[in-house]
Amino acid sequence: MKSKLEEIYASLLEEIGENPEREGLIKTPHRAAEAMRFVTRGYRMNLEDIVNGAIFKADSDDMVIVRGIEFFSMCEHHLFPFFGHANIAYIPDGRIIGLSKLARITEMFARRLQVQERLTVQIAEAVQEILKPKGVGVVLQAKHLCMMARGVEKKSSDMVTSHVLGVFRTDRSTRMEFMNLLDLKEA
């Protein structure tokens with residue numbers, strides 16, 4: 001029995017002029033439904049489960065940065081992929097988080113239908129919520145297929161977004177230190 005999502009993909013194939021019963025497409029609605037469930041799995045994740053208690057006492061209040069966290073998301077406007085790297089920094093206020101948890105937080109929000117601007121804010125606010133650090137900075141750099149493969153078709157362009165909280169917002173030198181340490185490269 002086909003799932004509702006499989007039926008939708010079969011209808012989509014018909015709408016674009018294809019025959020979902022032809023040899024190469026018979027299993028496509030099933031595969032496409034599974035792929036969509038996979039790339040949107042962030043809807044079935046939550047912050048508490050991801051962090052899973054991996055918050056530890058901090059011995060320092062020096063800036064912590066994780067650069068180059070790969071992510072993949074889907075543009076909510078066209079259902080086209082966008083992908084790139086997230087850079088997350090925070091200044092501990094007595095607590096640090098397990099390194100992999102920042103990547104998992106990024107993954108949770110990226111694996112939803114998104115716009116990059118909101119994704120950037122969601123990551124920063126989640127880190128702020130769970131750690132309550134002195135400040136958080138998040139910079140995302142991504143390539144968007146909705147701009148590369150359709151519309152203006154600009155294949156070399158990328159988008160950079162940032163969101164800063166706490167001392168990253170109020171102290172220009174802290175923000176500049178973070179930005180200087182990023183050394184952004186092509187997404």
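These values consider heavy atoms only, across backbone and side chains, with no hydrogens, waters or symmetry-generated copies. Quick caveat: nothing in here was measured; it's all calculated off a predicted structure.
- With a 4.5 Å cut-off on side-chain heavy atoms, Val66 and Leu99 count as touching.
- The aromatic rings of Phe83 and Phe72 sit parallel to each other, their planes meeting at less than 30°, with 60° as the upper class boundary.
- Nearest approach of Ala86 to Thr106, heavy atoms of both residues: CB-CG2, 3.9 Å.
- More than 12 heavy atoms of other residues, nucleotides or ligands shown are found within 6.0 angstrom of CD on Glu117.
- Annotation: side chain of Phe82 is in contact with side chain of Gln114 (closest heavy-atom distance under 4.5 Å).
- In this structure, the side chain of Arg95 does not engage the main chain of Ile55 through any donor-acceptor pair within 3.5 Å.
- Applying side-chain hydrogen bond (donor to acceptor under 3.5 Å, both in side chains) to Asp158 and the options Lys143, Gln141, His85, His144 leaves one that passes, Gln141.
- Gln116 and Thr161 form a side-chain donor-acceptor contact under 3.5 Å, judged by distance and modelled atom types alone.
- Between Ile97 and Ile130 the shortest side-chain heavy-atom distance falls below 4.5 Å.
- Between the side chain of Asn87 and the main chain of Val139, a donor-acceptor pair closer than 3.5 Å is present.
- Contact check on Asp93 versus Lys132 returns no salt bridge, with no Lys/Arg side-chain nitrogen under 4.0 Å from an Asp/Glu carboxylate oxygen.
- Heavy-atom minimum distance, His78 versus Cys146: ND1-CB, 3.4 Å.
- A donor-acceptor pair is defined here as one N or O able to donate and one able to accept, closer than 3.5 Å; no such pair exists between the side chain of Arg111 and the backbone of Glu107.
- Side-chain contact annotation: Ser3 with Arg37, donor-acceptor N/O pair under 3.5 Å present.
- With hydrogens and angles ignored, the 3.5 Å screen pairs a side-chain donor or acceptor of Arg67 with a backbone N or O of Leu182.
- The shortest non-hydrogen separation linking Ala89 to Ile65 is CB-CG1, 3.7 Å.
- Residue pairs that meet the salt bridge (charged side-chain N to carboxylate O under 4.0 Å, His left out) test with at least one member in residues 73-91, sequence neighbours left out, are Glu76-Arg118.
- No donor-acceptor pair under 3.5 Å is formed between the side chain of Tyr90 and the backbone N or O of Ile96.
- Because its NZ or CZ atom is both nearer than 6.0 Å to the ring centre of Phe38 and within 45° of the ring axis, Arg41 counts as a cation-pi partner of that residue.
- In this structure, the side chain of Arg175 engages the main chain of Arg169 through a donor-acceptor pair within 3.5 Å.
- Of the inter-residue distances, the one linking Ser173 atom OG with Glu177 atom CD reads 7.5 Å to the nearest 0.5 angstrom.
- Within 6.0 Å of the CD atom in Glu15, the count of heavy atoms belonging to other residues, nucleotides or ligands does not exceed 12.
- Within the structure, salt bridge (charged side-chain N to carboxylate O under 4.0 Å, His left out) pairs that include any residue of residues 20-30 comprise Glu18-Arg22 (at least two apart or interchain).
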Please assess Met63 against Phe168 for the test side chain to side chain contact (heavy atoms under 4.5 Å, CB included), listing each intermediate value before the final yes or no. CA-CA 10 Å; Met63 188 181 304; Phe168 286 91; 3.9 Å; yes

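- Shortest non-hydrogen contact noted between Leu119 and Ala110 is CD1-N, 3.5 Å.
- Every residue two or more places apart in sequence or in another chain was checked for a salt bridge (charged side-chain N to carboxylate O under 4.0 Å, His left out) with Lys101, and none qualifies.
- Checking side-chain atoms of Ser73 against main-chain N and O of Pro81 turns up no donor-acceptor pair under 3.5 Å.
- Checked by atom type and distance alone, the side chain of Asp171 never pairs as donor or acceptor with a backbone atom of Val167 at under 3.5 Å.
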